Amino acid sequence: MKKIFAFAAFIAAASLALGGCAANDGGYYPGYNEYFEFTSDAEGSYVHGDVIEQEFKDVAEEASSYFSLDRNTATYSLVRRQIQGGYKVSESAVRVEEMINYFDYNFPAPEEEAVALSASLSDCPWNSENKLISIGLKTKEYVTDANANYVFLIDVSGSMEGADRLGLAKKGLNMLLDGLCERDAVSIVTYASRVKTVLDGAECSESGKTEIKKAISKLNAYGATSGGDGLERAYDVAQKHFIEGGNNRVIIISDGDFNVGMSSVDELKEFIQEKAKSDIYLSVLGVGMGNMRDDILETLATCGNGNYAYLDNEREAEKVFVHELKGNLYTVANNAKAGVTFTSAVEKYRLIGYDTKLISEDDFNNQDADAGEIGSNLCVAALYEVKLAGGEGKLADAEVRYDGGSVSLAVNADTPSSDDLSFISCVAEFGLILRNSAYKGTASLASVLTRLDGLSGYIANDGFKQEFVTLVGKASEIYN
């Protein structure tokens, strides 16, 4: 392992719509040029759970595909940090859907339902014999006067020392705090060698915010990591201040390095699955590298009715805490899950990504089965590579179910392509290359860059998509 100065954060777009689906105006965030020092190497920079890619399925044998929906984005930020640091990405750590869903798309908004679906169809850039089908989902914007009950669970163990860990967490929390309403309540629980309730239900009045910010400023890193005990305390505090009909949520910021008490993935999974029944949601924000436990943090979010993002710089903290505040903290589609059934016009299909989120047909049909959560005014995409048998008429039926509703959509052979799908295909191809996928076909970084150049008008008003072009260019220097 060696220490390096990681990257100067790329300057990105200044104005994003709150909730994250509308394109920004192409301005830039000033001041995000801070260098972070971190420890990393090609394969040992963090611990992740292996991702096993799905194979092609023959429609004659298995016509339907089912998976849980969420909008986790951590993989993209982790990939960005490693590539900007000059390293290749650990192949099995790449969750392609989290890369695709990092970005905003122009999917049509719902008019009456909580969710709207759309579809696009195009040629497959890395396999000329196949097509790509994208299913796009957008949630409605959440409007409520309900109070919020937030418990910030902050890892202050020794491994959190540094500007890119606890320092970044403190800046992000202050950003979030500025956007909270006077009637919202905030608690702070910290954990290291011991667990401490720093604030217990402080109101977000002007004087209350001053008190909360003062408590945040005093946080320091020390000791071991009793994360399991911290989770138990945080849920107890959230339950103590539970607001009926309100937004009750635990927000954990950690590198995931639990090493005291309840610390195994299985133990934490069982605990979080039980707590998820309490109507208290969980947001998971990862920081740092070195001993970063991506596997634990992803498990917490998946099992805890929550979302998972990774903060690699201040710009990302502002994206998550400010511009996507509603999307991250207000759930619109609870227990969201998708089912796609292909017709005989398709010979075979492969779902790209969602490898860790597959569910059975029984769970898709069981309204009580736990699935993912999607927040306010957010976009989520699913991408299939398909080989057509005849290619005429209807190709597939897509359906998304969630608590209290469902939406469906037919995908036909004459479904047009879109700039969104063209960009999604670039992100997907990039992901297939990074994970050295068995299904990458003729994929190449040069091809991705060429197609991105053809999308310059589409990308021009979105600083995050512009940054993606730069990232692919940096990767081409590392991988070629």
Side-chain angles (χ1 to χ4, degrees), residues 16-23 67-80 94-110 114-118 134-142 247 249 251-252 276 281-286 294 297-311 316-317 319-338 351-359 370-383 400-403 407 420 423-424 427-428 431 462 464-465 468:
L16 288 177
L18 185 65
C21 228
F67 54 98
S68 177
L69 286 168
D70 60 36
R71 194 177 179 271
N72 292 346
T73 60
T75 289
Y76 182 79
S77 302
L78 283 162
V79 162
R80 178 175 60 201
V94 177
R95 297 182 289 270
V96 178
E97 80 281 358
E98 292 186 14
M99 297 180 67
I100 292 171
N101 289 330
Y102 179 86
F103 299 96
D104 307 322
Y105 300 108
N106 299 314
F107 301 155
V115 169
L117 292 183
S118 58
S134 70
I135 309 296
L137 174 153
K138 185 174 180 180
T139 55
K140 70 177 181 180
E141 186 169 3
Y142 189 87
N247 185 15
R249 185 174 294 265
I251 302 167
I252 179 172
Y281 294 91
L282 179 69
S283 287
V284 179
L285 302 176
D294 173 64
L297 297 181
E298 198 238 349
T299 296
L300 292 177
T302 300
C303 298
N305 286 347
N307 55 288
Y308 173 30
Y310 173 76
L311 310 179
E316 185 67 15
K319 178 178 185 286
V320 170
F321 281 116
V322 179
H323 300 292
E324 294 184 349
L325 176 65
K326 282 189 177 181
N328 286 325
L329 300 184
Y330 292 93
T331 299
V332 169
N334 289 292
N335 291 317
K337 47 195 174 183
L351 176 62
I352 299 175
Y354 293 96
D355 303 293
T356 63
K357 294 155 189 166
L358 302 177
I359 62 174
D370 187 53
E373 278 68 36
I374 308 174
S376 166
N377 195 29
L378 291 179
C379 295
V380 176
L383 185 66
V400 169
R401 297 179 183 177
Y402 53 94
D403 289 352
V407 289
D420 283 332
F423 183 81
I424 287 170
V427 180
D462 191 320
F464 291 103
K465 292 188 176 80
F468 176 68

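What you see is a predicted model; the values in this text were computed from it and never measured.
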- Query: E97 and L351: side-chain contact (heavy atoms from CB on, under 4.5 Å), yes or no, with the steps?
  - Reply: CA-CA 10 Å; E97 80 281 358; L351 176 62; over 6 Å; no
- Task: Go through V400 and I135 one step at a time and tell me if the side-chain contact (heavy atoms from CB on, under 4.5 Å) criterion holds.
- Result: CA-CA 10 Å; V400 169; I135 309 296; 5.8 Å; no
- Hey, mind stepping through L311 and F321 against side-chain contact (heavy atoms from CB on, under 4.5 Å) and telling me if it holds? CA-CA 10 Å; L311 310 179; F321 281 116; 3.8 Å; yes
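Between atom CG of residue D462 and atom OH of residue Y105 there is a gap of 9.5 Å, rounded to the nearest 0.5 Å. Distance CD1/I374 to NZ/K138: 13.5 Å, rounded to 0.5 Å. Atoms CG and CG, from D370 and N335 in turn, are 5.0 Å apart once rounded to the nearest 0.5 Å. Rounding to the nearest 0.5 angstrom, the gap separating the CG atom in L378 from the OG1 atom in T331 is 9.5 Å. Expressed to the nearest 0.5 Å, how far CZ of R71 lies from CG of L137 amounts to 11.0 Å. Taken from CD in E373 to CG in D70, the straight-line distance is 8.5 Å, to the nearest 0.5 Å.
Within 6.0 Å of the NZ atom in K140, the count of heavy atoms belonging to other residues, nucleotides or ligands does not exceed 12.
Scanning all heavy atoms of the two residues, the minimum distance from D104 to K465 falls at O-NZ, 2.5 Å. Between A381 and I424, the shortest heavy-atom distance links the atoms CB-CD1, 4.0 Å. The minimum heavy-atom distance linking G375 with T139 is given by the pair O-OG1, 2.6 Å. For the residue pair L383 and A428, the shortest heavy atom distance occurs at CD2-CB, 3.5 Å. Here the closest non-hydrogen pair linking A338 and L69 is CB-CD1, 3.9 Å. Among all heavy-atom pairs drawn from S68 and G372, the shortest one is OG-N, 2.8 Å.
Formation of a donor-acceptor pair under 3.5 Å by the N72 side chain with backbone atoms of Y308 is found in this model. In this structure, D420 contributes its side chain and N106 its backbone to a donor-acceptor pair below 3.5 Å.
Side-chain contact check for Y102 and R80: at least one donor-acceptor pair (N or O, by modelled atom type) lies under 3.5 Å. Counted by atom type alone, Y76 and E316 present zero donor-acceptor pairs between their side chains at under 3.5 Å.
Classification of the Y354-F67 ring pair by plane angle, with boundaries at 30° and 60°, yields tilted.
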